[in-house]
Amino acid sequence: MHELLLFASVPAHQHHELLQQLAGLTAMQPHHRLERRLVFKAYRKPGLVTTRVGASQDVQGADLQRLNKMLNGGMYYTQVVGPVTKADFGATSSSAMSASHDADVSMSGTDQSSYCYENQPWKLEFRDIPEAGTRSAVTTRLMASASLPKGDIAVPMNAWGYSFVTEYMVEGDVFVQNDIVIFLHRVLLYPQAESQDLHGPRRQLPAYHELTPLERTGSYVLQAAITVQDGSNQEMMKTASQHLFGLREQLKSAVRLEQADRLSLDTRAK
């Protein structure tokens, strides 16, 4: 599959107004999305990966074939994505959670959150470096995704030749206009707690108010994307590009949708 994209930077003060404009344009209410995004780095040479590990038998059929192709490819960073809700975040700060742990929170009866790491669903998302030398004014890249087993995903990822690097949160709102998925979002970072084990994914989430935007000004990113099943079909690719150009024209009075810098989306592990 191929993904065609346009991007725009949205200042914080324009966020609410743009949400209203997108709701009117797409004739739908925004679908709020919160995601854990875990970054893994490939460390084994291509061809040495096998998917016959642990609970990977839960991934069947076409998903397994796509997963096998992705994991046996070149040395890339890849993301494991898991949806969460605000109810999954802790009710108290990370420092308070650490102190309450020492005091045995089970005796105090305090429920920090409803989050259960063992039941967290995951999806592997592979995004190649955008294609170079294309005449189109949109960003085009090869992409694939596959469902993964729930729970501690670090174990099968390590067995497949991927080591955990870091994680962050993405928060935003999704709109759909015909075949275009519009995602107005921002990246949120976890608080840096000295007691936090950074060698693997977090098993508990901190209080939501402790998350800090990566972009200190509070700005958002508007992403417009179309997925084309057959990237070799030039007619389909041209039609998808034209649809993105049409959206760009509709939103030109509010934001400027542009092609992204190719190297800023480089996913290769060096």
Side-chain angles (χ1 to χ4, degrees), residues 1-37 39 77 79 81-86 123 125-131 134 136-145 167-189 208 211-228 231 236-267:
M1 292 189 294
H2 275 71
E3 188 177 41
L4 286 73
L5 308 116
L6 289 175
F7 299 90
S9 178
V10 180
H13 66 82
Q14 192 182 347
H15 177 252
H16 180 69
E17 179 183 351
L18 184 58
L19 276 179
Q20 294 179 315
Q21 289 177 306
L22 291 172
L25 178 65
T26 60
M28 65 172 287
Q29 291 301 307
H31 175 68
H32 195 67
R33 180 185 291 178
L34 265 172
E35 294 176 339
R36 291 187 68 177
R37 296 203 176 184
V39 179
Y77 290 99
Q79 288 194 113
V81 180
V84 294
T85 66
K86 284 191 176 181
K123 179 175 67 173
E125 290 191 350
F126 171 79
R127 299 292 186 271
D128 202 350
I129 181 173
E131 297 176 0
T134 59
S136 177
V138 301
T139 297
T140 305
R141 62 185 179 185
L142 183 68
M143 58 86 69
S145 62
E167 71 168 298
Y168 59 95
M169 298 289 303
V170 167
E171 179 183 38
D173 294 281
V174 178
F175 300 86
V176 178
Q177 184 192 45
N178 299 321
D179 53 352
I180 305 176
V181 178
I182 305 168
F183 190 24
L184 180 59
H185 64 281
R186 60 177 179 170
V187 173
L188 300 175
L189 303 179
Y208 175 78
L211 300 176
T212 57
L214 173 64
E215 176 55 57
R216 296 301 178 90
T217 63
S219 63
Y220 287 73
V221 174
L222 180 64
Q223 172 186 295
I226 296 180
T227 301
V228 177
M236 292 180 65
M237 296 289 283
K238 182 179 179 180
T239 299
S241 297
Q242 291 174 342
H243 289 177
L244 286 175
F245 295 151
L247 177 66
R248 182 176 65 182
E249 185 68 19
Q250 289 177 300
L251 292 175
K252 67 178 183 179
S253 62
V255 294
R256 184 178 178 181
L257 283 166
E258 298 179 306
Q259 184 179 24
D261 174 55
R262 177 173 175 267
L263 294 181
S264 68
L265 299 176
D266 193 344
T267 56

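Computed from a predicted model, the values in this text were never measured in an experiment. As a basis for the values below, the full set of heavy atoms in this structure was taken, side chains included, without hydrogen atoms, waters or symmetry mates.
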Please report the C-alpha distance between Arg33 and Val170 in whole Å, then the side-chain angles of each, then the deciding distance to 0.1 Å, and finally whether the side chain to side chain contact (heavy atoms under 4.5 Å, CB included) criterion is met. CA-CA 8 Å; Arg33 180 185 291 178; Val170 167; over 6 Å; no
Run the side chain to side chain contact (heavy atoms under 4.5 Å, CB included) check on Phe7 and Leu265 step by step: do they pass? CA-CA 12 Å; Phe7 299 90; Leu265 299 176; 4.2 Å; yes
So Met143 and Thr227, side chain to side chain contact (heavy atoms under 4.5 Å, CB included) or not? Walk me through it. CA-CA 9 Å; Met143 58 86 69; Thr227 301; 4.1 Å; yes
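With sequence neighbours left out, Gln14 forms a side chain to side chain donor-acceptor pair (under 3.5 Å) with no residue at all. Taking the side-chain contact (heavy atoms from CB on, under 4.5 Å) definition, one finds that Ala12 meets it with nothing, sequence neighbours left out. Every residue meeting the salt bridge (charged side-chain N to carboxylate O under 4.0 Å, His left out) condition with Arg36, not counting sequence neighbours, appears here in chain and number order: Glu167. In this structure Lys86 satisfies the salt bridge (charged side-chain N to carboxylate O under 4.0 Å, His left out) test with no other residue, sequence neighbours excluded. Under the side-chain contact (heavy atoms from CB on, under 4.5 Å) criterion, Arg256 pairs with Glu258, sequence neighbours left out. Residues meeting the side-chain contact (heavy atoms from CB on, under 4.5 Å) test with Thr212, sequence neighbours left out: Leu189. Contacts of Gln21 classified as side chain to side chain donor-acceptor pair (under 3.5 Å), with partners at least two apart in sequence or in another chain: none. Residues satisfying the salt bridge (charged side-chain N to carboxylate O under 4.0 Å, His left out) criterion with Arg262, sequence neighbours excluded, are absent altogether. Not a single side chain to side chain donor-acceptor pair (under 3.5 Å) links Gln29 to another residue, sequence neighbours left out. By the side-chain contact (heavy atoms from CB on, under 4.5 Å) test, Asp128 is found to be paired with Tyr76, Phe126, Leu142, residues two or more places apart in sequence or in another chain being considered. In this view, Lys238 satisfies the side chain to side chain donor-acceptor pair (under 3.5 Å) rule with no residue, not counting sequence neighbours.
Annotation for Ala8 and Val255: closest pair CB-CB, 4.1 Å, computed over non-hydrogen atoms. The two residues Ala240 and Leu4 come nearest to each other via the heavy atoms CB-CD2, 3.8 Å. Contact between Leu247 and Ala224 at its shortest, heavy atoms only, is CD2-CB, 3.6 Å. The shortest non-hydrogen separation linking Leu244 to Ala225 is CD2-N, 4.4 Å. Minimum interatomic distance between Ser241 and Val138 (heavy atoms only, all atoms of both residues): OG-CG2, 3.7 Å.
Interatomic distance, CZ of Arg141 versus NE2 of His2, reported as 11.5 Å (0.5 Å rounding). The distance from atom CD of Glu17 to atom CG of Leu22, rounded to the nearest 0.5 Å, is 10.5 Å. Between Thr139 atom OG1 and Glu3 atom CD the span is 9.5 Å, to the nearest 0.5 Å.
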Would you list the atom pairs, donor with acceptor, under 3.5 Å between side chains in residues 172-187 and any protein atom, with sequence neighbours excluded?
residue : atom : partner : partner atom : Å
Asp173  : OD1  : His32   : ND1          : 3.2
Gln177  : NE2  : Gln250  : OE1          : 3.4
Asp179  : OD1  : His243  : ND1          : 3.2
Asp179  : OD2  : His243  : ND1          : 2.9
His185  : ND1  : Phe183  : O            : 3.2
His185  : ND1  : Val221  : O            : 3.3
Arg186  : NE   : Glu171  : OE1          : 3.4
Arg186  : NH2  : Glu171  : OE1          : 3.1

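The shortest side-chain heavy-atom distance between Asp266 and Tyr77 does not fall under the 4.5 Å cut-off. Contact check for Leu222 versus Leu251: side-chain heavy atoms found under the 4.5 Å cut-off.
Between the Thr267 side chain and the Arg127 main chain, a donor and an acceptor come within less than 3.5 Å of each other.
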